[in-house]
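Report on the following structure.
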Amino acid sequence: MIPSAFTFYKPDNIEKAISLMADFGDEARVIAGGHSLIPVMKQRLTDIKHLIDLSGINEIKGIEITGNQISIGAMTTQVELINNEELFKKAPIIREASLQIADPQVRNLGTIGGNVANGDPANDMPGLMQLLDATYKLSGSNGVRDVKAREFYEGAYFTVREDDEILISISFDAPSGGYAYEKQKRKIGDYATAAAGVILKVENTMCSSASIALTNLSDTPVYCDKAVDIILGKEIDKNILNQVTEACVEQSDPVADQRGPVEFKKYVAGIVIKKALTRAIERT
Amino acid sequence: MDDVKTPSREERKSALSGLGTSRKRVEDARFTQGKGNYVDDIKLKGMLFGDFVRSPVAHARVKNIDTSAALALPGVHAVLTAADLEPLGLHWMPTLAGDKQMVLADGKVLFQGQEVAFVVGDDRYAVADGISLVEVEYDELPVVTDPFKAELKDSPILREDIADQKEGAHGARRHPNHIFTWEAGEKEETNKVLEEAEVVADEMVYYHRTHPCPLETCGCVASMDKVNGKLTVWGTFQAPHAVRTVASLISSIPEHNIRIISPDIGGGFGNKVGVYPGYVCSIVASIVTGVPIKWVEDRMDNLMATAFARDYWMHGKISATKEGKITGLWCHTTADHGAFDACADPTKFPAGFMNICTGSYDIPVAYLAVDGVYTNKAPGGVAYRCSFRVTEASYFIERMIEVLAQKLGMDSAELRSKNFIKKEQFPYTSALGWEYDSGDYHQAWEKAMTSVNYKQLREDQAKQLQLFKDGKSRKLMGIGLSHFTEIVGAGPVKNCDILGLGMFDACEIRIHPTGSAIARLGTISQGQGHATTFAQILASEIGIPASDITLEEGDTDTAPYGLGTYGSRSTPVAGAATAMAGRKIRAKAQMIAAYLLEVHDDDLEWDVDRFSVKGAPEKFKTMKEIAFASYNQAIPGVEPGLEAVSYYDPPNMTYPNGAYVVVMEIDVDTGVSDIKQVYALDDCGTRINPMIIEGQVHGGLTEALAISMGQEIAYDEQGNVMTGTLMDFFIPTAWETPNYETDYTETPSPHHPIGAKGVGESPNVGGVSAFSNAVHDAFKPFGLTQAHMPHDHWRVWKIAKDLGLHS
């Protein structure tokens with residue numbers, strides 16, 4: 001469990017980091033909290049020649065809230081997300097979901113940027129960001145650009161990020177309505193067997209806005225647009241919840257692993273989706 | 001004035017912290033401060049590191065190994081292959097089970113993770129780089145992972161080295177992939193009873209492959225001193241003396257020139273009993289390079305290559321009268337031993353003590369056969385926190401009791417009670433040949449049933465079932481019962497040996513002039529707290545406070561010969577040796593006291609920490625005074641000093657037992673189980689340190705929880721290990737661990753000097769059955785008879801699905 005040799009860099013501003021990325025191309029990787037990257041380096045599943053640590057770049061840390069606009073620096077740790085009271089007031093689902101990531105030791109180092117940018121479908125934050133319709137700010141040699149979380153993921157560990165781009169921040173509008181993030185896992189520290197996030201609003205018994213996203217149920221996070229179309233404008237009853245759940249499960253495409261076969265995962269997906277829907281509705 | 005100064009008998013007794021005291025563990029001060037000294041803490045001058053190139057495939061011919069690129073790498077000193085070891089005769093090594101095992105791949109590999117080459121370099125980094133540069137050409141062969149397919153006519157032959165051998169270490173072999181058939185009991189009589197029985201339950205019970213996974217993995221530092229010819233090996237050895245003897249036999253280094261040291265060990269659980277290629281390669285590399293070599297497994301190596309446990313397919317038939325009196329038991333076990341038979345069992349017992357499988361019950365006739373087979377999996381078959389194959393045996397009988405109860409339509413608690421061996425039947429000879437020393441199973445069972453309010457639990461369960469049937473809940477309640485009898489303390493030299501070494505154990509005591517002492521034993525603590533508890537045994541035996549007694553184990557140059565610590569043998573065997581050595585000290589002390597008090601030996605009586613004159617308690621000599629006298633008085637006919645050694649060959653095994661109850665709630669849709677109650681009553685005979693017993697029970701129950709509810713070593717059909725990291729190999733954290741209630745009865749062993757039986761493994765033996773039975777019990781109303789462990793979410797979900805509970 002020893003990684004192959006690499007050169008370590010710790011730039012103190014984003015320009016330097018980008019310039020290192022531009023110099024080394026696909027031989028370079030940035031490291032944030034390292035909880036995904038270091039294990040694969042130790043197993044030599046990936047060979048990284050240049051490792052660029054982002055922890056010295058203060059400009060991409062911290063949580064900014066202006067009115068309903070929330071912007072989170074990529075190097076903000078999960079424990080900071082959990083402990084920020086203002087963020088909790090504006091978007092309580094962030095704390096609810098963050099508390100279900102791994103364990104306290106991991107959350108002390110793990111960052112939101114690393115969690116979303118790595119492209120691991122098992123991570124919780126990508127689904128959550130699709131749920132919130134967040135925007136990722138990427139900075140590279142060709143400048144800064146915005147990408148919607150719902151358009152960022154292409155496949156497991158494949159995203160639209162270019163080799164020389166670094167995710168610097170994530171922004172979204174404070175959600176309104178009921179919310180829930182439900183996750184079934186085998187034990188503390190495990191990735192989801194199936195997880196689902198729901199945010200919805202009910203006005204005059206009708207669903208006036210909704211968002212649903214799934215974690216670890218496909219090779220990317222799944223934003224359940226078809227299910228959202230079904231529930232929008234409808235009166236919420238048992239029948240509609242069944243239809244919505246079914247539509248979500250239909251959009252899922254899990255793979256078998258030690259957590260269980262596909263059939264089981266789809267079944268449990270249905271259960272966690274329904275639990276999330278029910279709890280979100282209770283909170284409206 | 002004198003009254004104030006003179007402590008009472010009780011006060012003197014309590015000052016000793018002897019037997020029955022919840023003395024705090026003396027080991028913990030260093031462990032909790034990070035001051036332990038483990039193998040990986042050992043750093044010697046000039047020390048190099050070694051590690052393995054391991055096979056990525058489960059079965060292949062090794063066509064070529066090219067080490068040139070690795071050797072060209074700066075920092076790499078040597079790369080050993082089987083070809084290098086062959087001239088020394090060390091490319092294969094004997095296993096504890098009478099088989100042999102490749103140290104490094106000799107022409108082929110037989111399991112994923114098998115050791116292929118050993119790279120030696122400056123540090124771990126250079127070695128890891130060297131490993132990645134060794135080019136091995138594999139020619140893949142068909143793989144056998146299913147033990148039931150191992151003996152098919154056209155199955156690939158795994159062990160070509162012994163393909164033509166019709167006779168193995170344990171008798172006839174009927175197929176190149178067959179290792180042994182081992183039988184116990186009366187075959188024909190048992191078949192006859194089964195044929196004529198009123199009721200027979202027939203079930204296949206699988207105890208899956210798992211792994212002890214101690215916190216510290218296996219490792220060693222080997223140092224060959226070429227000046228004085230002495231080899232010193234620090235290693236994670238549960239049996240240091242046995243390692244010394246085996247090392248001498250296979251290396252031809254004289255035994256007095258080998259020193260084996262087990263430093264602090266971070267958990268063993270059977271993982272550190274066997275001899276592994278890493279030890280052999282480190283020793284050879286140290287001889288070759290002339291400098292010390294360190295080898296320490298990483299977690300994946302540990303899970304993939306060293307010492308699996310269980311993997312027994314146990315087909316059982318149990319017969320009874322309509323009233324529920326058991327009349328016979330039959331069992332055929334298919335044992336998946338992996339690529340080499342490296343089971344750590346007493347040599348004459350290729351299936352360990354599986355013939356304890358009649359459990360706690362008075363079963364008139366029984367028959368057991370075990371067939372061991374080779375597959376393309378890692379070797380091992382260790383006793384993971386249990387005596388040899390005792391958890392398998394206990395799980396088997398406790399499942400068979402449940403399926404029989406179902407067949408009889410009888411409550412399984414009542415069925416157990418009806419068939420327990422009665423108190424007055426001890427010593428009891430079982431149908432499969434063991435002599436149970438003592439027990440009061442009915443008392444323990446009744447205490448357990450009362451403590452958990454069994455009747456109320458069944459009523460609650462019925463209510464929950466009704467809610468489920470009415471569609472008001474998706475949860476079922478399960479009540480898991482188990483009563484177990486272990487057989488531990490191997491063992492009597494007449495039938496227990498490892499490679500010819502009788503399984504006695506030893507203790508040597510020296511009393512210092514000022515009345516403190518050092519005791520050395522042939523065992524080695526891996527977390528059990530020997531330094532705490534053995535000092536307590538001695539404190540009670542020789543009247544010296546436990547805190548004044550140093551306990552030392554693990555250095556073969558100083559400790560007396562013993563067979564080590566596993567199979568709950570330390571207290572039954574070494575604990576007995578300790579008491580017996582203490583009694584020798586006391587006998588000599590009595591002579592010294594008699595001389596000092598000018599009375600006859602027989603006029604003295606032992607009184608806690610002193611000898612006093614019978615009828616005149618004010619005339620006495622304390623052990624402290626006697627100790628000093630032994631160093632400064634010329635006593636006619638008595639040698640100076642106060643020392644003793646005892647080698648203890650136990651007359652019998654000990655039979656700890658207990659009654660466990662687990663209550664859980666199971667969500668049939670998610671497969672998630674919520675453990676509501678765990679009650680564990682243990683009878684380990686005399687209780688040396690109740691606090692340590694409680695700790696042992698908590699730890700063992702947690703491992704039992706892990707094994708039954710998720711922990712496994714799984715392979716895919718190509719022989720790839722699917723559970724090579726702690727992400728997939730379940731180790732419960734505090735979060736997953738429920739609350740435990742512990743309880744006890746105390747039935748001393750009649751043949752053990754202090755009546756103690758051993759307890760460290762009981763909770764694993766009894767716990768697995770209780771957890772698993774709870775899962776089965778929840779689904780019993782829907783007709784479930786057997787569902788194999790581990791009961792993780794998806795497998796529990798599958799039970800519900802197959803029973804039609806999802807529609």
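We use all heavy atoms of the structure for the numbers below, so side chains are in, but hydrogens, waters and symmetry mates are not. Residue numbers begin at 1 in each chain, while the letters A, B, ... track the order of the sequences.
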Between A:Arg186 and B:Asp728, does a salt bridge (Lys or Arg N to Asp or Glu O under 4.0 Å) hold up when you go through it step by step? CA-CA 9 Å; A:Arg186 296 171 296 180; B:Asp728 287 314; 2.9 Å; yes
Begin from the C-alpha positions of A:Met1 and B:Met300 and carry the test side chain to side chain contact (heavy atoms under 4.5 Å, CB included) through to its verdict. CA-CA 8 Å; A:Met1 298 289 257; B:Met300 290 180 79; 3.9 Å; yes
Evaluate A:Arg259 against B:Trp794 for side chain to side chain contact (heavy atoms under 4.5 Å, CB included), listing each step before the verdict. CA-CA 7 Å; A:Arg259 294 174 187 83; B:Trp794 86 261; over 6 Å; no
With side chain to side chain contact (heavy atoms under 4.5 Å, CB included) as the test, would you mind laying out the steps for A:Phe264 and B:His793 before giving the verdict? CA-CA 9 Å; A:Phe264 164 68; B:His793 296 170; 3.8 Å; yes
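Neither the backbone nor the side chain of B:Arg795 comes within contact range of chain A; no heavy atom of the residue lies under 4.5 Å from a heavy atom of that chain. Using a 4.5 Å cut-off between heavy atoms, B:Ile131 does not touch chain A at all. At a 4.5 Å heavy-atom cutoff, B:Lys798 makes no contact with chain A through either its backbone or its side chain. Heavy atoms of A:Ile271 lying under 4.5 Å from chain B belong exclusively to its side chain. Heavy-atom distances place the backbone of A:Lys185, and not its side chain, under 4.5 Å from chain B. With a threshold of 4.5 angstrom between heavy atoms, B:Thr670 approaches chain A through its backbone and through its side chain. Contact of A:Gln184 with chain B is made through the side chain alone, with heavy-atom distances under 4.5 Å.
At distances below 3.5 Å, at least one donor-acceptor pair connects side-chain atoms of A:Lys187 with backbone N or O atoms of B:Met727.
Across A:Ile2 and B:Ala128, no two heavy atoms sit closer than the pair CB-CB, 3.5 Å.
Contacts between residues 705-713 of chain B and chain A, counted as heavy-atom pairs separated by less than 4.5 Å, involve B:Glu712. Among the residues in residues 37-44 of chain A, those with a non-hydrogen atom closer than 4.5 angstrom to a non-hydrogen atom of chain B are A:Gln43, A:Arg44.
Atom NZ of B:Lys475 has 12 or fewer heavy atoms from other residues, nucleotides or ligands within 6.0 Å.
The choice from B:Arg124, B:Glu736, B:Arg474 that makes the most heavy-atom pairs within less than 4.5 Å of chain A is B:Glu736.
The CG atom of B:Leu726 sits 11.5 Å away from the CG atom of A:Asp190 when rounded to the nearest 0.5 Å.
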